[in-house]
Every structure is written in structure tokens, then in C-alpha cells.
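First listed ligand is number 1; within each ligand, the first listed atom is number 1. Small disclaimer: the values here were computed from a predicted structure and weren't measured. Nothing fancy with the numbering, it's 1 onward along the sequence. Only this structure's heavy atoms are used, side chains among them; waters, hydrogens and symmetry mates stay out.
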Amino acid sequence: QFPFGRRLPCDIYWHGVSFHDNNIFSGQVNKFPGMMETVRKITLSRAMRTMQDLFPLEYNFYPRSWIMPEELPLFVAEVRMMKDRNPSWKPTFIVKPDGGCQGDGIYLIKDPSDIRLTGSIQSRPAVVQEYICKPLLVDKLKFDIRLYVLLKSLEPLEIYIAKDGLSRFCTEPYQEPTLKNLHQVFMHLTNYSLNIHSGNFIHSASVNTGSKRTFSSILCRLSSRGADVKKLWSDIISLVIKTIIALTPELKVYYQSDIPAGKPGPTCFQILGFDILLMKNLKPILLEVNANPSMRIEHEQELSPGVFENVPSPVDEEVKVAVIRDTLRLVDPQKKKRKDTHSEVLPRLTPCSVLCRRCQSLEQAPEAGEELPEAALPSLCLKQVFPKYAKQFSYLRLVDRVAALFIRFLGVKGTTKLGPTGFRTFIRNCKLSNSNFSMAAVDILYIDITRRWNSMGIDHKESGMCLQAFVEAFFCLAQKKYKSLPLHDQVASLIELCECRLAALRGKRLVWGCG
Ligand code: ADP
């Protein structure tokens, strides 16, 4: 706890829900500014769509999605077109309210005309998504995986994945969706918070039975059936890295706004909950990313009608304690100091010895001031995947470079939106205006795109062009300039041109400065 009035800074701040305190000038905070907004269903779907436009094959792990209400006509038209092309296609869609969680307000439909337009969709935006009809089943039940991912740093990008996760099971045997079973949430939705209310929910003291199990127990079972578990893990790692690459542009805009470079401020890290569904053919599909995953290691048990008690949940404890312990171990400020000073002595107990009931029984907690050998701790459950595999994925970081241009022209510190003057300066400095594209046309482009994004915007606090609107404008400019190329090459060429012209301009300014 950080008592009100305390003056001494802390080395680690553990915020409950989101980054919310701008009065921290040092240390580390367990949340990134803007993460909650960035992983909301609509924002995530938009970021994924941008990546799918640029890299369709690499990002085919996210179901095709449409944003309601503004993309309703597009949704209707695309579904009609696909049905015309393939009359045997009998799709199902899942409607998920933006900002919802725990399955709240979710329903399945067979046809676009089944969207409940009255009231809710107008007042409560939603994402409509292709429903994955053929999930992998275990014991005839649908399940999903909750994996914990530590984003240890944004710049440079550092990602860790927990070696084990949770598998959360439905409580009714699965059947492919039909008009008759669409409403059966215990069959189609894997949310713990829903299924716990089913009479079939099984709390188990073992990690490999019941309605919540460890992911490793599922992997064991798959492996014994001959499945290629190594390939599955590598696909999951790739899904996680690609998803975070899709999120980083937006996160960097929030970061520079809340913690401007050059001013004293904290660094951030964050534990994210990735919800993943396995298809029958073992392809992992991303369902969503949670900015504030539950770290509870107990569940409620009804002892007698209306009387509840919190009892330990061995599965949650097995997975979550290790995640928290390793997170603290990785961000441990004492470790950093030890590295810096080559000191041999630990001045305090490591957080692990305080937190982990299991590891306390495995090893003696050291006396204060005594060295705790790293080897005495249980092995790390968090495995570094980035920068370890950076080489394979760095070509995907195109939008990151567009975001770097955006941030450069934001001008005023503390803002997340680009004004018309900033946009004009960007065009002028990168020399993108010419006789075919006048500055008047630049202004029209800015106004058109900004107005549209602000009319559907969630954030009305600031006026101006948000990052996603800038990305759209940038794609427009790239298409204009490099008509004959595919979209990815258009965008990559324009980024290179802009970076090159800005570097030349910087060079000139330096020479003038010296002169
Ligand atoms: P919430 O944040 O409300 O839990 P999710 O996106 O996680 O929303 O969806 C809830 C549940 O619905 C998931 O746990 C999963 O079981 C199911 N689900 C979500 N999207 C899909 C999909 N595209 N295909 C199949 N099942 C899905």
C-alpha cells in the first residue's frame, strides 16, 4: 500500500486497474498508459485489421471482424458477396459489445439481419466476428486458453510468455452452432464467470481434471495423442509477438503523452492475459487481450445457501503465483542495482520469498542481508520471446515507423492527436505535396479523415487527428504516390521516402547550425 501523504518514492508501484497516477517520477509501474484503451475489442480489431491489410497471411489468426454500428452496411455487403461466391457457406457470427467482459452481452447470429439494432447497438458499439465453428474439443467440451504475457518494456520491445496457462472449459458438450443451440452459453462461451453458474461446473483439486485445468495438462494429452506440441507452442509464440507488434504503435503514442521523453518519470511493465482458442487442426486463434487479468488464486464456494467462503484454487495458484513471482524477479530493482554495483549482498528479501507459499516450503527464506542464490529459486516460468526472435518479426513493424513519424509531428508534449499545422508540416518536411497534390488538397484530406474518425471516436477529450486516422491518411498518400504496387510495398516505400527526406533535412539543419 502507498499510504496517503507518503513522500518517499517506491521502486515498484502495483496499480490495480490501469495506469492512473501522473505524480510518479521514478521506479517502475505495473501498467502502461493507454493499455486499457488499446486492447478494447474495437481498438484491437482496428489495429488487427490494419495489420491484416498489410500482412494478410501473417495475421490470419484473428477472426474476420466488423465494427458496429459504422460497418453494418459493409458487414451485410461482404457476407452477401461471400455467400454468392460460395452458396454452401453457412457462417455463424458472434456479437461482442465493446468494453464488455466475462461474456457480458455476447450473442451468436446466423445472419447479419439478426443483429439487435434496437437500442443497444446504437448506444453500445460492438464487434461482430466470424464464429470459429470447429474448435478443438477435450472430453467433448469446448475450452479456451488464458496465457500470461509480460510486456517488460516497450522501447526496446521486450516480451515474455508464461510456460503454463489456464484452460477454461464449457460445461455442456459442444455441438456446431445451429438455430436451435445458438443461445446455449454453457456450450459456446468458455468464460469462467458464466460457466461457474452451471450445475455441471467441476472445481477440481487436481490441475488436469475439472472445468479449469492447466494448459500443460492439455498439452500432455495432445502429445500422447501424437499432436505436434512443439509446433503448437511456436504458433502461439508467433501469435503473441504479432499481436503485441500490432498494439505497440498506439501504446507509444500514449506513452510519450503520459511520460514525455526527457522528463523524470517511471518505466512501465504489464502482465497481459491472452485468450486463445485452438481450432480442431490445432491452429491458435486470438480471441482477445486482457489488460487487467484476474490474479485471484481462490474461488468462492457456497457452503450452505447464501453462505460463501473463499477456498484455495490449486490450478490458479500453480499458474499465477509463478507469473507474479517471475515478473517481480525480472523487474527486481535490487537486481538492477546489484548488476550496476557488482554488490555481493542482497539488502532485502526478494519478493519471491514473501509471495510464494510453495517456494517457501522448497527453500529457506534467507536472512535480510544474505545473498539469495538465483539457482535456489524455482526455474523461470516466463520465457523471453522478444528480442530473442526479433529477427523473424522485425519486418512486421511498419506501422511502428508510421507512428514514429506521427509522434515526431505532434509538437505539443502531452497530446495524442495531431493538429492541422502538424499535418501540414509533416507533408512539407517530407516533400509530399506537388502540382498533383496541392496544400489545399492536403487540408481537405486532413479534414475529411479527421472528421470521420472523430464522429465515430471514443475519445472526445482532444480534437485533432488520432494515430489510426493518421495511418489511414498515410495509406491514402502511399496509394496515390505508388499506384502500381501492392499496399504493403506502397506503405513501405512511402515510409522510406519520408525517413530519408527527414534525415536529409536534419543533416541540412545541422550544417546550417554549424555555419
Ligand atoms: P469477453 O471479454 O466478454 O470474455 P471474449 O471475446 O473473450 O469476450 O468472448 C467470450 C467467449 O466467447 C470466449 O471466451 C470464447 O469462448 C467465445 N468466443 C469469442 N469469440 C469467438 C469466436 N470468434 N469464435 C468462437 N468462440 C468465440
Distance from atom 26 (N) of ligand 1 to nearest protein heavy atom, with residue and atom: K142 NZ, 3.0 Å
Side chain, backbone, both or neither: which part of I106 has a heavy atom under 4.0 Å from ligand 1? side chain
Under 4.0 Å from a heavy atom of K41: which atoms of ligand 1 are those, numbered in the order shown and with their elements? 1 (P), 2 (O), 3 (O), 6 (O), 8 (O)
Taking the inter-plane angle between the rings of W66 and F93 on a 0 to 90° scale, is it parallel (under 30°), tilted (30 to 60°) or perpendicular (over 60°)? perpendicular
Among protein heavy atoms, which sits nearest to atom 16 (O) of ligand 1, and what does the distance come to when rounded to 0.1 Å? T190 OG1, 2.6 Å
When you measure from atom 3 (O) of ligand 1 to every protein heavy atom, which one gives the shortest distance, and what is it? G103 N, 2.7 Å
Of I285, N191, L287, which has the heavy atom at the shortest distance from atom 4 (O) of ligand 1? N191
Taking the side chain as every heavy atom from C-beta outward, state whether K212 and H299 have any pair of such atoms under 4.5 Å apart. no
Give me the ring orientation class for F55 and Y59: parallel if the planes are under 30° apart, tilted from 30 to 60°, perpendicular past 60°. tilted
Under 4.0 Å between a Lys/Arg side-chain N and an Asp/Glu carboxylate O for E71 and R49? yes
Could you check if a side-chain atom of N181 sits within less than 4.5 angstrom of a side-chain atom of E172, using non-hydrogen atoms only? no
Is R329 paired with D332 through a side-chain N to carboxylate O contact shorter than 4.0 Å? no
Return the residue, atom name and 0.1 Å-rounded distance of the protein heavy atom closest to atom 19 (C) of ligand 1. K96 NZ, 3.3 Å
Measuring from the heavy atoms of H188, does anything fall under 4.0 Å of ligand 1? yes
Can you label the angle between the F470 ring and the F406 ring as parallel, tilted or perpendicular, going by 30° and 60°? tilted
Counting both backbone and side chain atoms, is some N or O of I132 under 3.5 Å from an N or O of ligand 1? yes
Under a 4.0 Å N-O cut-off, is there an ion pair linking D316 with R146? no
Atom 18 (N) of ligand 1: the protein heavy-atom neighbour that sits closest, reported with distance to 0.1 Å: I94 CD1, 3.6 Å
F32 CZ to L154 CG distance, which is reported to the nearest 0.5 Å: 5.0 Å
Determine whether the side chain, the backbone, both or neither of R168 has a heavy atom under 4.0 Å from any heavy atom of ligand 1. neither
When distances are taken from atom 2 (O) of ligand 1, the protein heavy atom at minimum range is E288 OE2, 2.5 Å
For D144, the ligand 1 atoms with a heavy-atom partner under 4.0 Å come out as 14 (O)
Which part of L189 is near ligand 1, with near meaning a heavy atom under 4.0 Å away: side chain, backbone, both or neither? both
Which part of E130 is near ligand 1, with near meaning a heavy atom under 4.0 Å away: side chain, backbone, both or neither? backbone
Could you tell me whether Q129 and ligand 1 have an N or O pair separated by under 3.5 Å? yes
Do the charged groups of D144 and R168 touch, with an N to O distance under 4.0 Å? yes
